Amino acid sequence: MTDTQHGPRGPHSAPADLPTQYAPAEVEGPLYERWVERGYFEADAESAKPPYAIVIPPPNVTGSLHLGHAFEHTLIDALTRRKRMQGYEALWQPGMDHAGIATQNVVERELAKEGTSRHDLGREAFTERVWRWKAESGGQISGQMRRLGDGVAWSRERFTMDEGLSRAVQTIFKRLYDDGLIYRAERIINWCPRCLTALSDIEVEYAEQDGELVSVRYGEGEDSLVVATTRAETMLGDTAVAVHPDDERYRHLVGRTVKLPLTDRAIPVVADEHVDPEFGTGAVKVTPAHDPNDFEIGRRHGLPALAVMDEHAVITAHGPFQGLDRLEARSAVVGALRAEGRIVAEKRPYPHSVGHCSRCKTTIEPRLSLQWWVKVGPLAQAAGDAVRDGEVTIHPKEMETRYFGWVDNLHDWCISRQLWWGHRIPVWYGPDGETVCVGPDEEPPSGEGWHQETDVLDTWFSSGLWPFSTLGWPERTESLEKFYPNAVLVTGYDILFFWVARMMMFGLYAMDGTPPFRTIALHGMVRDQFGKKMSKSFGNAVNPLDWMDAYGSDALRFTLARGANPGVDVPIGEDWVQASRNFCNKVWNATRFALMNGATVQGPLPDPAEMSAADRWILSRLNTVVAQTDALYDDYQFAKVSDTLYHFAWDEVFDWYVELSKTTFAAGGRAAEVSGRVLGEVLDVVLRLLHPVVPFVTDTLWTTLTGGESLVIASWPADSGFRDAAAEREIGTLQEAVTEVRRFRADQGLQPGQRVPAHLELAGTPLAAHEEAIRALLRLEPAGAEFSATASLPVAGAKVALDLSGAIDFAAEHRRLTKDLQAARKELTQTTAKLGNEAFLAKAPDHVVEKIRARRATAEADIARIEAQLENLPRG
RNA sequence: GGGCGCAUAGCUCAGCGGUAGAGCGCUGCCCUUACAAGGCAGAUGUCACAGGUUCGAUCCCUGUUGCGCCCACCA
């Protein structure tokens with residue numbers, strides 16, 4: 001690389017600066033602060049560079065860093081760091097979400113401990129209290145992100161309740177309201193009787209639960225029918241029984257009434273298509289005030305909705321059940337029905353799906369109430385079309401099906417919450433029933449009888465604006481012009497519906513049809529080393545900070561990146577983090593070696609004519625790896641990027657090239673100089689390629705190696721186009737030969753360090769230029785006068801003769817060679833048979849036939865070699 | 001009830017029509033002066049089962065079994 005910026009310390013420091021082991025704890029903290037102080041992560045809206053923006057999926061202000069964040073942040077950080085190095089104006093937009101219910105719950109719990117409640121405080125004092133909580137203990141995650149090395153533009157940090165973002169919320173609310181896309185209506189909503197608020201459909205989690213299905217006789221004698229229910233207590237609010245219009249069994253009852261047990265009411269029997277005659281008795285009790293389906297039936301038949309529970313899910317209906325909680329009421333009602341002999345069947349346990357509040361796990365109570373809604377039809381249509389038209393790409397593609405399935409079948413979105421912490425709905429009600437929606441620059445109506453809506457908005461309403469509200473919208477700021485739309489959204493598939501789809505809807509709506517991002521890259525969930533979901537209750541949850549303390553942030557990051565196959569869950573275990581730590585240490589020591597041997601990045605690369613085959617080989621491979629890395633990054637293949645670099649660095653550079661270069665360095669002279677420059681180049685590029693994933697260790701090493709200011713602002717390597725197939729073949733042959741002799745040595749029980757006299761006949765073979773290296777790698781001494789070969793290994797046309805002084809038993813080697821010979825002969829038979837197959841030759845593509853030919857040739861060569869080796873083995 | 005996905009080495013996962021791969025783990029030998037957080041060599045798989053397509057299938061098709069996940073208003 002030629003763009004190394006020299007810092008004040010000169011070309012490079014003495015290798016003695018580097019201890020034999022990498023100590024991340026000493027490096028990471030100060031290094032991160034230096035990056036931030038120098039403003040590397042800040043993004044300039046006025047820059048001439050092309051933009052590359054990613055927003056952070058805003059963590060809850062109540063949250064602290066877990067492995068899921070660490071994972072997601074590693075991916076986003078790697079993407080933005082690479083783009084920054086590629087010369088883009090890279091922006092990783094940080095910030096947090098006010099997390100309505102979650103935060104309110106936290107502060108309410110705090111108040112409960114103090115023996116008070118939000119109701120004692122009142123709305124204003126309570127919200128002040130929440131702000132105070134945020135100032136004191138909120139946003140722990142920001143500090144933890146520094147530990148991870150997240151390269152975010154801290155000066156741009158935003159909070160969804162900031163003034164600017166509140167303005168954005170108010171603006172879009174007003175616009176949607178004026179466009180008729182926000183309305184108020186009374187419907188059945190999901191009600192949490194503990195949080196005392198409405199929830200949207202996706203904030204409800206369904207779980208199989210054992211309940212009881214009781215069949216109850218309504219009415220008397222011939223005019224009776226049996227309905228089944230798992231929620232007996234709601235019968236107090238029944239206002240009809242429904243049957244299918246074509247159901248012969250009940251035709252005579254349709255239009256008539258039956259008496260509702262335990263009450264003095266008679267309720268009509270109605271015919272409705274919704275009823276499945278196959279299910280149960282084919283007759284359904286209808287409770288319009290407490291069941292969404294029943295509500296619809298009620299609407300179709302003009303039935304009254306009779307509410308029998310209050311917001312705490314306590315029975316309000318007059319009579320013996322009044323004041324009972326819904327569960328108490330259920331058994332009481334069943335008991336009373338049983339006493340009247342009206343229970344005709346009971347099924348217990350009866351497993352069925354029950355909805356729970358995603359925040360507090362309380363069972364949801366469907367409840368009739370007046371709420372605010374977003375009419376999602378047109379918005380969702382646009383959100384779907386943007387993906388269908390290819391304006392936005394979802395990665396991996398399989399997730400598109402899920403996206404369409406949701407976006408195309410969306411119910412209206414209930415956006416009002418009966419909470420105090422959040423964006424208060426900007427609507428005022430007048431004394432004569434007027435409703436006025438107030439924009440951000442308008443004075444709310446004042447005077448006798450006017451008051452503002454008390455509900456706040458769903459948290460996801462404001463996070464849906466995140467990609468543009470953080471950039472200053474509704475103002476047309478330079479940042480908005482520059483960084484909208486974002487390049488890509490990186491997030492988990494679990495919030496595809498919660499968040500991604502909403503950003504799509506709002507982004508397209510607010511920004512005149514421009515989607516919020518061009519690509520949606522969905523990642524999986526972090527799991528434990530057995531692929532199990534991590535959870536506190538299961539006891540397998542890990543605090544990422546512990547692992548960062550023990551092994552360094554780079555080790556954690558590398559492990560996560562290495563597991564990141566698109567859209568697939570990522571298992572992680574401590575062993576794997578250790579392995580990554582080992583890799584970081586290996587990089588560290590390889591660089592130490594290079595520094596101790598005069599590796600340099602100074603000056604231009606020598607002419608290839610001056611280089612050894614090993615030099616040309618590694619540079620050829622290096623450039624191939626640069627090209628591969630780019631292709632993989634552009635496809636969000638983080639696991640493969642990491643794996644490619646891991647193997648290239650460790651296997652090829654550190655094991656082979658470094659070992660080969662030792663001979664060169666020992667010899668000194670021009671060849672050593674050339675190799676030193678090549679090694680410097682290779683390390684320089686490898687460190688750059690690794691930097692996005694393991695920023696700390698690479699920056700530390702790179703600045704030492706090159707004297708440059710920082711890898712964060714260094715340039716990303718480009719494939720120079722240099723390839724040398726001949727050198728790659730030559731070194732390949734060398735590797736095979738060395739491995740073959742090593743295997744022989746190992747089989748013979750020779751200790752790795754033991755020097756063995758040997759005579760090498762390499763002239764005229766591809767190995768001719770490598771005698772010194774081969775002797776060094778294989779610990780072969782020059783043969784003395786009394787040399788007598790006891791074993792001779794033919795490899796690649798050359799011959800390596802070893803003097804083993806007759807001390808070795810050759811039986812094992814004979815057995816192994818015989819086994820290999822059999823395998824080679826089998827291969828020969830198979831390939832020959834294949835090449836004799838006319839159908840194969842006629843239909844298989846040329847490259848496959850060539851490959852089989854090559855395999856046959858290899859098998860033949862192997863047989864010859866092994867036979868020769870057996871020949872040379874002493875008998876006995 | 002729909003939809004999607006997965007079953008490959010002891011574990012976690014890549015591969016996806018032409019001789020089965022990685023990491024960790026395992027076996028043996030070595031502190032070879034960058035690194036024992038290391039080096040070298042090695043073992044391990046009827047690629048879930050049954051059919052089909054093909055010159056050829058772990059890879060494509062159909063079915064079976066066993067697991068996940070998402071969605072849905074089943075009383």
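Per chain, numbering begins at 1; letters A, B, ... match sequence-line order. The shown structure was predicted, so the numbers you read here are calculated from the model rather than taken from an experiment.
Under the side-chain hydrogen bond (donor to acceptor under 3.5 Å, both in side chains) criterion, the residue pairs touching residues 835-857 of chain A are A/Glu827-A/Arg855, A/Glu850-A/Arg853, with sequence neighbours excluded.
Side-chain atoms of A/Asp291 come within 3.5 Å of backbone atoms of A/Asp294 as a donor-acceptor pair (strictly under, hydrogens ignored). No donor-acceptor distance shorter than 3.5 angstrom exists from the side chain of A/Asn585 to the backbone of A/Gln21, with no hydrogens or angles considered. Side-chain atoms of A/Trp588 do not come within 3.5 Å of backbone N or O of A/Leu701 as any donor-acceptor pair. Checked by atom type and distance alone, the side chain of A/Asn409 pairs as donor or acceptor with a backbone atom of A/Gly405 at under 3.5 Å. Without hydrogens or angle criteria, A/Asp201 side chain to A/Trp413 main chain gives no donor-acceptor distance under 3.5 Å. Counting only distance, with no hydrogens or angles, the side chain of A/His290 and the backbone of A/Glu365 share no donor-acceptor pair below 3.5 Å.
Between the P atoms of B/U32 and B/C13, the separation comes to 39 Å (whole Å). Rounded to the nearest Å, the gap between the C1' atom of B/C24 and that of B/A9 is 12 Å.
Nucleic acid contact class of A/Tyr22 (heavy atoms, under 4.0 Å, all strands): base. Residue contacts for A/Thr591: at a heavy-atom cut-off of 4.0 Å it reaches no nucleic acid atom on any strand shown. Residue A/Asp276 is in base contact, counting any heavy-atom pair closer than 4.0 Å across all strands shown. Within the nucleic acid shown, A/Lys662 comes within 4.0 Å of at least one base atom, counting heavy atoms only. Using a 4.0 Å heavy-atom distance criterion, A/Asp655 is classed as a sugar-phosphate-only contact. When heavy atoms are screened at a 4.0 angstrom cut-off, A/His647 is found touching the sugar-phosphate backbone but no base atom.
With ring centers used as reference points, A/Trp650 lies under 6.0 Å from A/Tyr646.
Residues satisfying the salt bridge (Lys or Arg N to Asp or Glu O under 4.0 Å) criterion with A/Asp643, sequence neighbours excluded, are A/Arg562. Listed by chain and number, the residues in a side-chain contact (heavy atoms from CB on, under 4.5 Å) with A/Arg249 are A/Asp247, A/Pro277 (sequence neighbours excluded). By the ring pair (Phe, Tyr, Trp, His ring centres under 6.0 Å) test, A/Phe696 pairs with A/Trp35, sequence neighbours left out. By the ring pair (Phe, Tyr, Trp, His ring centres under 6.0 Å) test, A/His356 pairs with no residue at all, sequence neighbours left out. Scanning for side-chain contact (heavy atoms from CB on, under 4.5 Å) contacts around A/Glu273 gives A/His244, A/Pro245, with sequence neighbours left out.
Looking at the side chain of A/Val848, the nearest of the listed nucleotides B/G18, B/A34, B/C74 is B/G18. The side chain of A/Asn582 approaches B/G38 more closely than any other nucleotide in the set B/G38, B/A75, B/U32. Set against B/C35, B/G18, B/A75, the side chain of A/Asn589 has B/C35 as its closest nucleotide. In the set B/C4, B/C55, B/A34, B/C55 carries the atom at the smallest distance from any side-chain atom of A/Ala844. If you check B/C35, B/A75, B/A22 against the side chain of A/Phe279, the one that comes closest is B/A75. The listed nucleotides are B/C4, B/C69, B/A22; the one nearest the side chain of A/Thr401 is B/C4.
A residue-by-residue look at A/Lys843 and A/Leu213 shows that A/Lys843 has its nearest nucleotide of RNA chain B further toward the 5' end. Remark on RNA chain B: of its neighbouring residues A/Tyr646 and A/Asn597, the 5'-side contact belongs to A/Tyr646, judged by nearest-heavy-atom nucleotide.
Under 4.0 angstrom from either OP1 or OP2 of B/A75 there lies at least one side-chain N or O belonging to A/Tyr350. In this structure, A/Arg742 reaches the B/A41 phosphate: one of its side-chain N or O atoms is under 4.0 Å from OP1 or OP2. Put simply, A/Lys586 has a side-chain N or O that comes within less than 4.0 Å of OP1 or OP2 on B/G39.
Spacing between atom CG of A/Leu778 and atom C1' of B/G39 amounts to 14 Å, rounded to whole angstrom units. Here the C1' atom of nucleotide B/G39 and the CG atom of A/Asn585 are 14 Å apart, to the nearest Å. The nearest whole Å value for the distance from the CG atom in A/Leu522 to the C1' atom in B/C70 is 13 Å. Atom C1' of nucleotide B/C40 and atom CH2 of A/Trp656 are separated by 10 Å, given to the nearest angstrom. Following rounding to the nearest Å, A/Arg743 (CZ) and B/G42 (P) show an atom-to-atom distance of 6 Å. Atom CG of A/Leu835 is separated from atom P of B/U19 by 13 Å (rounded to the nearest Å). Atom pair A/Lys397:NZ and B/G3:C1' shows a separation of 17 Å (rounding to whole Å applied). In this structure, the CZ atom of A/Arg581 is 17 Å from the P atom of B/G23, given to the nearest Å.
The base of B/A37 sits with one of its N or O atoms less than 3.5 Å from a complementary donor or acceptor on the side chain of A/Gln21. For B/A34, the base has a donor-acceptor partner in the side chain of A/Glu659 [N/O atoms by modelled type, under 3.5 angstrom].
Side-chain N/O atoms of A/Asp684 and A/Trp702 include a donor and acceptor closer than 3.5 Å.
At most 12 non-hydrogen atoms from other residues, nucleotides or ligands lie less than 6.0 angstrom from CD of A/Glu26.
Annotation: proximity of residues 818-831 of chain A to RNA chain B (heavy atom, distance under 4.0 Å) is found for A/Glu827, numbered in ascending order. Shown for residues 850-858 of chain A: residues whose heavy atoms fall under 4.0 angstrom of RNA chain B, namely A/Lys851, A/Arg855.
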Intra- and interstrand pairs of RNA chain B - dot-bracket, Watson-Crick/G-U under 3.5 Å, | marks other strand: ((((((((.[[[[.)..(..]]]].(((((.......))))).....[[[[[..)....]]]]])))))))....
Using distance only, find each side-chain donor-acceptor pair of residues 491-500 of chain A under 3.5 Å and give its atom names and separation, not counting sequence neighbours.
residue	atom	partner	partner atom	Å
A/Tyr493	OH	A/Asp569	OD1	2.8
A/Tyr493	OH	A/Asp569	OD2	3.3
A/Trp499	NE1	A/Ser463	O	2.9

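At least one cation-pi condition fails for A/Arg527 and A/Trp576: the charged atom is not both under 6.0 angstrom from the six-membered ring centre and inside a 45 degree cone around its axis.
Between A/Phe665 and A/Phe593, the ring-plane angle classifies as tilted under the 30° and 60° cut-offs.
Residues A/Asp747 and A/Arg743 are not paired through a salt bridge, judged by the lack of any N-O separation under 4.0 Å between the basic side chain and the carboxylate.
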Give me the distances for all protein-to-nucleotides 11-14 of chain B N/O pairs that come in under 3.5 Å?
residue	atom	partner	partner atom	Å
B/U12	OP1	A/Phe530	O	3.4

Which atoms of nucleotides 26-31 of chain B (N or O only) lie under 3.5 Å from a protein N or O atom, and what are those distances?
residue	atom	partner	partner atom	Å
B/C30	OP1	A/Gln751	NE2	2.8

